[in-house]
Amino acid sequence: MRRPSPMDYAVKETSPILGGGRVVGGRVLRGNRPATSSSYDLVEPMQYLFVRVVKARDLPTMDMTGSLDPYVVVKVGNFKGSTNHFEKNQNPEWNKVFAFAKDNQQSTTLEVVVKDKDRIVDDVVGTVKFDLYDVPRRVPPDSPLAPEWYRIENKNGEKKGELMLAVWLGTQADEAFQDAWHSDAVSPDGSTTSNYAQIRSKVYHSPRLWYLRVKVIEAQDLVPSDKSKVLDAYVKVQIGNQILKTRPVQSRVMNPQWNQELMFVASEPFEEPLILQVEDRIGPNKDETIGNVIIPISTIEKRADDRPIRGKWFHLEKSMSSAMEEQGKKKEKDKFFSRIHVIVFLDGGYHVLDESTYYSSDLRPTTRQLWKKPVGVLELGILNADVLPTKTREGRGTSDTYCVAKYGHKWVRTRTIVDNLNPKYNEQYTWEVYDTATVLTLGVFDNAQLHNSSNGNKDSKIGKVRIRISTLETGRIYTHSYPLLSVQNSGLKKNGEVHLAIRFSSTSTINMMALYFKPHLPKMHYTKPLNIMDQERLRHQAVNIVAARLARAEPPLRREVVEYMSDSDSHLWSMRRSKANFNRLKEVFSGLNRVASWLGEIATWKNPFTTVLVHILYLMLVCFPELILPTTFLYMFVIGMWKWRFRPRFPPHMDTKISCTDMINPDELDEELDTFPTTKSSDIVRWRYDRLRSLAGRVQSVVGQIATQGERVHALLNWRDPRATSIFMVFCLVSAIVLYVTPPQMMIILAGFYSMRHPKLRGKTPAPPISFFRRLPALTDCML
């Protein structure tokens with residue numbers, strides 16, 4: 001078996017023929033090829049035969065009872081689609097469109113058959129036939145083709161009513177394409193899946209998310225069941241599946257105070273109310289509900305800045321049913337109420353994070369009044385894919401693949417290509433771009449819901465592509481084939497490739513450049529920042545809300561798809577990711593290490609000629625200090641211009657070397673792919689825990705060493721070592737006097753020449769300043 005090479009995991013540039021012409025080097029060479037449509041110029045034109053079955057009239061009766069249950073079958077070769085049937089209706093109306101791909105047209109004749117639904121054998125009412133050579137061609141944006149009435153004839157040539165049809169040739173740019181029945185969603189044997197709704201393409205929109213702040217201040221006149229017991233009360237706040245509790249407060253009076261703020265995620269439309277329950281701990285694992293409050297979220301005040309919100313008093317009801325009554329229906333005879341004081345509002349000045357902060361596709365705040373104008377348009381053409389088999393059907397490997405792309409609030413899902421390892425999608429989508437520091441994410445999945453949607457199987461994840469908008473040149477068309485990679489127990493696996501065409505067009509270059517000098521997140525993230533723990537908890541809740549809402553669409557976007565696209569498990573422990581991040585950190589400081597190494601070579605006279613030149617340059621910069629900054633910036637400019645020749649030509653993609661997928665052992669992979677909480681045996685978990693303790697011990701030692709050096713710096717002046725501080729104080733006084741009477745250039749020259757002195761003038765032991773610093777005390781001796 002051939003060992004994978006790095007080129008197998010690389011992005012490859014292609015030159016496909018798209019609707020606008022052939023793309024070469026990011027430019028479109030039209031030649032004599034006309035564009036299919038200005039809105040579909042990033043995909044390859046696909047020819048389709050469209051058949052719109054509108055309605056029928058004057059159909060004959062077929063059964064002995066004089067009834068007719070008509071439906072229509074549209075057939076081209078071995079591929080056929082059918083409408084639903086109507087019971088006892090001689091003038092049915094279907095208004096359904098069928099699309100037969102040109103690659104699937106195995107015949108030159110189109111047959112439209114009207115049948116009568118029976119329990120055993122369906123009877124044929126009549127047929128209408130078309131010669132495909134005579135079918136007219138429609139090119140968008142032409143007006144839709146008007147349907148016509150056609151006579152239905154049986155085998156004997158007798159007229160059996162009329163059928164209204166429209167038949168034309170078109171492409172995927174036709175407006176009827178999205179809602180049509182597709183022949184490429186049918187198996188090669190002509191059989192249609194039992195759940196056709198799972199196949200159609202669809203555009204989804206994420207719900208509008210808000211941060212909901214609830215500050216529980218105090219309660220008054222609480223009445224527990226046991227009045228002789230000290231009140232140990234807390235407040236449980238719930239919205240949907242999100243439940244948080246305040247800390248318990250013990251109070252001998254019936255007016256406890258909490259002054260604690262809780263945060264939740266709410267989504268529009270606000271279907272679930274905010275529920276507050278005041279509970280009293282009367283024993284171990286035994287709580288008693290003192291009162292309830294139900295607040296409809298649609299009635300809660302919204303804010304877009306950090307202005308203060310006034311609190312409100314709410315009456316506490318004993319039962320949940322009475323709390324659900326409207327205020328106008330409260331019993332007037334009840335004069336005594338327990339009350340709770342809370343501040344509750346919807347905070348719209350934040351961006352609710354529903355995906356990993358490193359791969360955010362949207363950074364706008366919730367409140368629309370704070371949105372800025374878009375700075376560009378992102379266009380994505382999903383061309384085709386080459387995937388490996390994900391399942392077995394009839395003894396052979398196959399896949400039923402579809403693609404999902406997410407950017408901002410808009411999710412798109414292509415149609416599912418059934419039983420095909422080389423699917424051709426050729427679907428194009430468009431997004432408005434509000435910030436270039438955002439990421440487009442596209443995932444390829446295998447549909448597991450087609451033939452048996454009741455078994456609860458999850459859609460398989462084939463691979464994912466992430467593209468940062470800021471890395472794309474304006475106006476260039478990127479046509480590349482991206483590898484679909486996944487980490488499995490056996491190691492890194494390439495599951496195929498997906499072919500994409502991407503173009504970013506700027507609507508305002510000035511506004512786009514001005515974004516680089518504006519805050520990355522909305523203002524509220526800086527005026528009142530959220531802590532890291534709250535951010536991760538709220539992000540998890542936001543992903544759950546988005547997944548639940550998109551799962552209610554038709555066809556549903558399943559939870560495993562949303563979680564995979566949102567990187568919901570990016571916070572989990574992974575030995576591989578830890579190594580990768582450590583290597584990234586080393587690479588970041590590698591430049592400083594190279595500079596330090598070069599300076600070390602200069603100081604040790606490894607190359608005497610270079611060292612002499614550095615002495616001359618050093619003298620010039622010291623004698624003319626006004627040249628230091630201009631020389632530094634000019635040097636960086638020259639380096640930047642030199643590296644322009646080596647700028648990236650392809651959009652960045654998953655790097656297997658950076659990800660450390662080539663140097664990981666099977667046990668670490670098994671640990672990374674384990675569920676949370678773990679399902680492994682206690683022996684394996686114990687061994688992994690011991691390994692984690694060993695690794696954490698080394699990290700602990702490094703952190704301790706860094707802290708030690710900082711504490712030694714503090715020890716210079718904090719008199720922990722009186723003698724060392726006295727020596728340093730004398731040194732500072734003498735240095736102040738010497739520096740006052742000596743020109744600064746002379747001191748700098750002496751210091752530089754001393755550090756670059758010849759090796760013959762150097763001793764073997766550390767310099768006195770280093771020895772003095774190492775003797776300074778740290779706080780390590782105060783630790784247990």
Side-chain angles (χ1 to χ4, degrees), residues 197 200 202-215 236-244 262-277 292-305 309 312 314 320-321 323-329 342-355 360-371 374 404 406-413 431-432 434 522 524 530 534-535 537-559 561-563 565-566 568:
R200 294 168 55 182
K202 189 71 180 287
V203 176
Y204 308 83
H205 286 277
S206 298
R208 193 177 176 192
L209 302 177
W210 294 77
Y211 282 144
L212 176 64
R213 288 184 184 265
V214 181
K215 185 173 183 180
K236 182 171 72 173
V237 185
Q238 178 178 359
I239 170 175
N241 296 327
Q242 306 174 63
I243 301 176
L244 293 178
L262 308 174
M263 286 193 68
F264 302 86
V265 178
S267 63
E268 290 187 5
F270 302 116
E271 300 174 348
E272 297 169 332
L274 177 67
I275 302 174
L276 288 83
Q277 292 179 296
N292 305 275
V293 175
I294 296 181
I295 308 174
I297 298 182
S298 58
T299 63
I300 295 177
E301 186 178 355
K302 301 176 181 177
R303 78 171 188 182
D305 49 19
I309 303 295
K312 294 183 180 180
F314 294 92
M320 191 66 69
S321 58
M324 295 178 65
E325 296 179 2
E326 298 180 4
Q327 288 288 351
K329 297 181 181 180
V342 297
I343 299 176
V344 55
F345 58 93
L346 292 164
D347 219 342
Y350 292 90
H351 168 67
V352 181
L353 296 170
D354 61 339
E355 52 197 340
S360 292
S361 62
D362 188 19
L363 301 172
R364 293 172 293 172
T366 302
T367 304
R368 291 183 181 272
Q369 67 191 47
L370 298 179
W371 290 7
V404 174
K406 178 193 186 304
Y407 185 77
H409 292 170
K410 181 179 175 182
W411 298 64
V412 298
R413 167 179 171 160
W431 290 268
E432 289 183 332
Y434 292 86
M524 285 294 293
L530 305 176
D534 282 342
Q535 282 188 9
R537 178 182 61 82
L538 294 171
R539 185 174 76 89
H540 179 70
Q541 296 294 345
V543 172
N544 288 337
I545 292 174
V546 173
R549 187 65 62 86
L550 296 182
R552 291 162 52 182
E554 185 59 36
L557 204 59
R558 295 178 61 83
R559 172 175 290 273
V561 174
V562 176
E563 291 179 349
M565 297 289 289
S566 302
S568 61

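All of these numbers come straight from a predicted model, not from anything done at the bench.
The line from CD of Q541 to CD1 of I239 is 10.0 Å long, rounded to the nearest 0.5 Å. In this structure, CZ on R558 lies 11.0 Å from CD on E563, to the nearest 0.5 angstrom. We find the CD1-CG distance between I300 and L274 to be 5.0 Å, quoted to the nearest 0.5 Å. Considering CG of D362 and OH of Y407, their distance stands at 7.5 Å, rounded to 0.5 Å. To the nearest 0.5 Å, atom CG of residue D354 and atom CG of residue L538 are 12.0 Å apart.
Under the rule for a salt bridge (Lys or Arg N to Asp or Glu O under 4.0 Å), E432 has no partner lying at least two apart in sequence or in another chain. By the salt bridge (Lys or Arg N to Asp or Glu O under 4.0 Å) test, R552 is found to be paired with E271, residues two or more places apart in sequence or in another chain being considered. Shown here are the side chain to side chain donor-acceptor pair (under 3.5 Å) partners of S206, two or more places apart in sequence or in another chain: W411. By the side chain to side chain contact (heavy atoms under 4.5 Å, CB included) test, L244 pairs with L262, F264, R537, sequence neighbours left out. Applying the salt bridge (Lys or Arg N to Asp or Glu O under 4.0 Å) test to D347 and every residue at least two apart in sequence or in another chain returns R213, R303. Under the side chain to side chain donor-acceptor pair (under 3.5 Å) criterion, S566 pairs with no residue, sequence neighbours left out. In this view, Y211 and Y350 satisfy the ring-ring contact (aromatic ring centres under 6.0 Å, His included) rule, not counting sequence neighbours. In terms of the side chain to side chain contact (heavy atoms under 4.5 Å, CB included) criterion, residue partners of K215 (sequence neighbours excluded) are, by chain and number, I217, E261, I343. A search for salt bridge (Lys or Arg N to Asp or Glu O under 4.0 Å) contacts involving K302 returns E268, not counting sequence neighbours. Residues meeting the side chain to side chain contact (heavy atoms under 4.5 Å, CB included) test with H540, sequence neighbours left out: N544. For the side chain to side chain contact (heavy atoms under 4.5 Å, CB included) test, residues two or more places apart in sequence or in another chain that qualify with S267 are P207, L209, I545, R549. Scored by the side chain to side chain donor-acceptor pair (under 3.5 Å) test, Q238 finds no partners at all (sequence neighbours excluded).
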Verdict with reasoning, T299 to I297, per side chain to side chain contact (heavy atoms under 4.5 Å, CB included): CA-CA 5 Å; T299 63; I297 298 182; over 6 Å; no
Audit row: M565, E355, side chain to side chain contact (heavy atoms under 4.5 Å, CB included) steps and yes/no: CA-CA 8 Å; M565 297 289 289; E355 52 197 340; over 6 Å; no
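One finds no salt bridge joining K202 and E554 here, because no Lys/Arg side-chain nitrogen approaches an Asp/Glu carboxylate oxygen to under 4.0 Å.
The shortest heavy-atom contact between K410 and V203 is CE-CG1, 3.8 Å. Here the shortest heavy-atom pairing between V265 and Q242 reads O-NE2, 2.7 Å. Across all non-hydrogen atoms, the minimal contact from P555 to Y204 is O-OH, 2.6 Å. Looking at every heavy atom in both residues, K406 comes nearest to S361 through NZ-OG, 3.0 Å.
Side chains of T367 and W210 form a contact here, defined as non-hydrogen atoms less than 4.5 Å apart.
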